[in-house]
4 protein chains.
Amino acid sequence: MNQISGDRNSTVRRDNRLETVLDSAARCFCERGYDAASMRDIARDAGMKAGSLYYHFSSKSELLVAVHEEGIRRITALVKAALVKPGSPRNRLEAAMVAHLEALLGGGDYAQVVIRELPEMSDEQRSRLIGLRDDYEDIFKSLIDALPLKDARARRHLRLLLFGALNWTRTWYQPGDETPGDIASGFLDLIKQR
Amino acid sequence: MNQISGDRNSTVRRDNRLETVLDSAARCFCERGYDAASMRDIARDAGMKAGSLYYHFSSKSELLVAVHEEGIRRITALVKAALVKPGSPRNRLEAAMVAHLEALLGGGDYAQVVIRELPEMSDEQRSRLIGLRDDYEDIFKSLIDALPLKDARARRHLRLLLFGALNWTRTWYQPGDETPGDIASGFLDLIKQR
Amino acid sequence: MNQISGDRNSTVRRDNRLETVLDSAARCFCERGYDAASMRDIARDAGMKAGSLYYHFSSKSELLVAVHEEGIRRITALVKAALVKPGSPRNRLEAAMVAHLEALLGGGDYAQVVIRELPEMSDEQRSRLIGLRDDYEDIFKSLIDALPLKDARARRHLRLLLFGALNWTRTWYQPGDETPGDIASGFLDLIKQR
Amino acid sequence: MNQISGDRNSTVRRDNRLETVLDSAARCFCERGYDAASMRDIARDAGMKAGSLYYHFSSKSELLVAVHEEGIRRITALVKAALVKPGSPRNRLEAAMVAHLEALLGGGDYAQVVIRELPEMSDEQRSRLIGLRDDYEDIFKSLIDALPLKDARARRHLRLLLFGALNWTRTWYQPGDETPGDIASGFLDLIKQR
DNA sequence: GATGAATGAGTTTTCATTCAT
DNA sequence: CATGAATGAAAACTCATTCAT
């Protein structure tokens with residue numbers, strides 16, 4: 001999972017150390033949290049020296065921003081891919097939930113960083129990340145708007161209920177438990193139909 | 001040395017410095033997270049110097065443990081107090097949810113620390129805290145078991161759904177939004193009756 | 001000259017490590033220049049570890065500011081002391097020049113820091129130091145104003161000529177050369193009387 | 001490898017990149033000082049990457065030496081050019097002073113580097129630079145020797161007075177002030193005729 | 001009880017330099 | 001000629017902790 005000198009195919013880009021660095025940062029931020037993960041930790045994981053990281057990223061917080069951006073890109077792609085198949089509003093919501101959970105629980109360091117609390121950072125960085133997160137959440141907003149729910153208040157509560165519950169799985173989920181599909185349908189089955 | 005409310009028997013409580021320290025630690029851990037909060041931050045907040053903290057607590061992680069214990073004690077007390085009045089299973093669950101949210105959203109630094117990710121600490125400390133958390137969650141487990149739900153799997157999912165959604169509120173709640181009561185009933189209204 | 005555990009007298013303040021630190025900083029800034037002097041250098045000279053310096057000064061640049069302030073305090077005191085005796089305007093100017101040179105050439109690390117180029121620092125710090133320098137130069141301004149010189153332009157030029165020449169001595173003076181008194185009178189003897 | 005104007009024989013001067021590098025180094029050393037100027041700063045100013053500098057110069061200190069050499073070559077040429085016209089000893093001295101000031105104050109990064117304090121460098125480099133500086137100062141020595149001054153001591157003091165004052169101008173001169181000519185004649189007018 | 005002073009190990013970051021391409 | 005990528009050493013600074021007073 002951490003191919004340092006990975007030989008993916010043949011002609012592909014060698015020396016994509018930047019990707020390696022990003023992967024290592026994601027892993028460390030995910031395992032230890034932003035503050036507890038040191039640049040040395042990340043560098044060691046990436047097979048380089050701490051100073052070398054600064055060739056690719058100008059600061060630790062820029063690294064976090066980059067991991068975040070990549071994380072949102074990935075989870076957005078996964079969820080959108082799960083939505084290409086048509087289906088009932090409820091089925092589409094469930095598909096998105098499953099994709100979200102798979103990204104979160106299936107070894108995805110990036111996804112877990114995305115839903116973590118943001119550490120102290122510059123306002124510019126902060127609002128950039130919050131914007132990305134909001135864009136992502138909008139996907140769920142539309143999915144829920146498509147459901148036959150009485151009022152806006154209920155739709156809002158449903159979104160917050162499901163999104164919170166999904167993100168919180170991270171704190172209790174053990175691989176070997178149920179599958180993401182089990183969890184998503186388990187959650188949805190508890191919800192009133194209209 | 002760090003019993004929190006050790007001697008309430010005397011009318012004049014001494015050791016109110018210890019309470020101050022604990023309050024400051026709760027506030028700092030809550031605002032910045034355990035790793036980003038420094039002993040100096042906590043000391044400054046408490047109006048003392050960093051070294052003085054060690055008179056009351058032998059290490060930073062002991063401070064975290066103490067805040068945790070006090071936090072669980074408080075939220076448990078609040079929730080239990082909300083459950084003294086009898087009522088239908090559903091009403092009792094809602095009352096507990098409201099109490100939980102009030103502890104979490106109503107300026108409660110302690111409560112917010114309790115639901116945060118645990119930093120790296122000794123196994124002994126970790127399992128102690130996890131035990132306390134589990135005890136607390138058991139209250140909700142019983143409340144849900146009292147509901148007329150078909151099977152154990154649904155009950156487990158309901159618990160995880162509600163608990164996750166409640167704890168996640170902290171990431172989006174803004175004071176001035178709805179009240180904890182609004183949120184709790186909003187969430188519960190979405191749940192199927194059986 | 002660098003008494004680390006100096007036992008000046010008997011009852012005097014022990015643990016004036018802050019003064020020790022300031023002395024060491026003055027020495028290092030003087031010998032190597034601000035940028036080339038490291039906090040470790042200064043700490044080693046002061047007989048402590050680098051981190052300990054931060055107990056006394058919050059940053060390297062604050063240390064420089066403090067050395068500067070102390071340096072100006074000292075040289076101002078020396079020059080003012082040299083001016084308590086009355087005398088002709090010319091004699092008073094010469095006395096001030098001698099005092100300035102003695103501070104500069106007689107092993108005075110502080111004085112040499114004061115006349116050095118300022119490194120990059122915050123505007124606030126910079127203007128504070130420039131203010132102190134200006135106050136000091138005003139002493140020479142008044143001394144020269146007391147001379148029987150035709151016009152303001154000549155007075156300004158005389159001040160810049162003498163002040164520049166005095167400060168430049170630092171680059172060529174070797175102990176064992178002439179005394180500060182020789183230099184000052186040598187310079188003044190070259191100047192027209194009116 | 002770092003001859004500056006190596007092959008002017010060919011009409012197309014190659015190596016104009018080397019000149020660019022030298023200019024950038026002069027600018028950075030002048031603005032920030034040797035220690036505070038980084039190779040990256042210089043490279044950025046020259047429009048290249050840090051590593052590329054090493055094609056032209058084998059080290060940062062070699063760059064300083066080269067800037068120094070070029071600086072002395074330039075200021076020497078300027079002063080010598082100002083001395084081709086014949087004139088009274090006093091007029092010749094004034095002409096040299098004006099040329100020196102023009103080099104120093106007229107945007108001349110090279111000249112300002114030449115009069116800056118030398119950083120720590122190898123003895124070999126240091127004595128080479130000091131030799132060049134001395135050669136340059138000898139021009140002023142001869143000019144002053146041509147004046148009708150009583151004794152060697154006075155001549156020495158006059159040289160040190162004027163040279164110091166001229167070099168110190170850099171610390172107070174603001175473009176828009178007087179011209180170099182004004183300053184030079186202002187200084188000289190203060191000096192006794194014999 | 002509390003603090004002033006220090007420490008040592010750590011942090012993030014910078015920088016001159018190297019070298020294969 | 002130039003650069004992308006790295007390195008190792010050192011920079012400034014932080015921090016949990018200790019301890020004599």
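Throughout, a chain's letter reflects where its sequence line sits, starting with A, and its residues are numbered from 1.
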Note to self: For D:E117, I'd like to know if atom CD has over 12 heavy atoms of other residues, nucleotides or ligands within 6.0 Å.
What the structure shows: yes

Notebook entry, point to check: 5'-most contact on DNA chain F: A:S52 or D:K49, nearest heavy atom basis?
Noted result: D:K49

Notebook entry, point to check: Does a side chain donor of either B:H68 or B:R133 reach within less than 3.5 Å of an acceptor in the other side chain?
Noted result: yes

Checklist line | Whichever of A:Y55 and A:M48 has its nearest DNA chain F nucleotide further upstream toward 5' | finding: A:Y55

Next item on the list: Quickly work out the C:Y54 OH to E:dT11 C1' distance and round it to whole Å.
Entry: 12 Å

Notebook entry, point to check: Any salt bridge between C:R126 and C:D123, counting N to O under 4.0 Å?
Noted result: no

Notebook entry, point to check: Are any of the side-chain heavy atoms of A:R73 and A:Y110 separated by less than 4.5 Å?
Noted result: no

Checklist line | Whole angstrom value for the distance that separates P of E:dC15 from CG of D:L53 | finding: 14 Å

Next item on the list: In whole angstrom, give me the gap between the C1' atoms of F:dT21 and E:dG1.
Entry: 13 Å

Checklist line | Rounded distance in Å - NZ (C:K60) to C1' (F:dA10) | finding: 12 Å

Check: Do any N or O atoms from the side chain of C:R17 and from the backbone of C:A46 form a donor-acceptor pair under 3.5 angstrom?
Finding: yes

Note to self: Between P on E:dT3 and CZ on B:R44, what's the gap in Å once rounded to a whole number?
What the structure shows: 14 Å

Check: Looking only at heavy atoms, which two atoms of D:F57 and D:A66 are closest? And how far apart?
Finding: CE2-CB, 3.5 Å

Item checked: Electrostatic pair D:R74:D:E70 at N-O distance under 4.0 angstrom -> yes

Note to self: So, does C:H56 get its side chain near the phosphate of E:dG4, meaning an N or O under 4.0 Å from OP1 or OP2?
What the structure shows: no

Note to self: On DNA chain E, does the nearest nucleotide to A:A50 precede the nearest nucleotide to B:G47 from the 5' side, or the other way round? Give the residue.
What the structure shows: B:G47

Next item on the list: With rounding to the nearest 0.5 Å, note down the distance linking CG in C:D109 to OG in C:S24.
Entry: 9.5 Å

Notebook entry, point to check: What is the distance from CD1 of C:I42 to C1' of F:dA11, rounded to the nearest Å?
Noted result: 12 Å

Item checked: Contact under 4.0 Å: A:R17 side-chain N or O vs F:dA6 OP1/OP2 -> yes

Item checked: Those residues of residues 30-41 of chain B lying under 4.0 Å from DNA chain E by at least one heavy atom -> B:R40

Check: What is the distance, rounded to the nearest whole Å, between atom CD of D:E62 and atom P of E:dT17?
Finding: 10 Å

Next item on the list: Using both pair distances under 3.5 Å as the test, note the stems of at least 3 consecutive Watson-Crick or G-U pairs that include DNA chain E.
Entry: E:2-21 with F:2-21

Check: Considering residues at least two apart in sequence or located in another chain, which fulfil the ring-ring contact (aromatic ring centres under 6.0 Å, His included) criterion with A:Y34?
Finding: A:F29

